[in-house]
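Computed from a predicted model, the values in this text were never measured in an experiment.
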Amino acid sequence: MEFERLPPSAKLVYKVLETGEPLTQKAIIEKTRLPPRTVRYAIQRLKTNAMLKERLSFMDARQSIYSISESGQAVVMG
């Protein structure tokens, strides 16, 4: 999927993660100031398009940490 076709919320989440720092959903909510439901939707859209990678937090296994996948960078760059 083309980056331009993503909803604005997904683009904002991507741009926040573009700094390179992996973030939890809570941190993404704080940085974007989007509602939690909107952030969950944006994360799901980015994951569906293979633009995000998700891993469990070592500090708290109930939380996931999100970062941009290599294929996600290729979609935006390419």
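To the nearest 0.5 Å, atoms CG (Leu17) and CG (Leu46) are separated by 8.0 Å. Once rounded to the nearest 0.5 Å, the distance linking CD1 of Ile68 with NZ of Lys15 reads 8.5 Å.
Of the N and O atoms on the side chains of Arg45 and Tyr41, at least one donor lies less than 3.5 Å from an acceptor on the other residue.
Between Ile28 and Tyr66, some side-chain heavy-atom pair lies under the 4.5 Å cut-off. Looking at heavy atoms from C-beta onward, Leu52 lies out of side-chain contact with Ser67 at the 4.5 angstrom threshold. In this structure, Arg40 and Gln25 have side chains that are in contact, with non-hydrogen atoms separated by less than 4.5 Å. Between Leu23 and Glu21 there is a side-chain heavy-atom pair separated by less than 4.5 Å.
Nearest heavy atoms, Ser9 versus Thr38: CB-CG2, 3.5 Å. Heavy atoms only, all atoms of each residue included: Ser69 and Ala50 are closest at OG-O, 2.7 Å.
The backbone N or O of Gln63 sits nowhere less than 3.5 Å from a side-chain atom of Ser57 that would complete a donor-acceptor pair. Side-chain atoms of Asn49 do not come within 3.5 Å of backbone N or O of Met51 as any donor-acceptor pair.
Hydrophobic clustering of Ile, Leu, Val, Met, Phe, Trp and Tyr side chains at less than 4.5 Å, counting indirect connections, unites Val16 with Phe3.
Within 6.0 Å of NZ in Lys31 there are 12 or fewer heavy atoms belonging to other residues, nucleotides or ligands.
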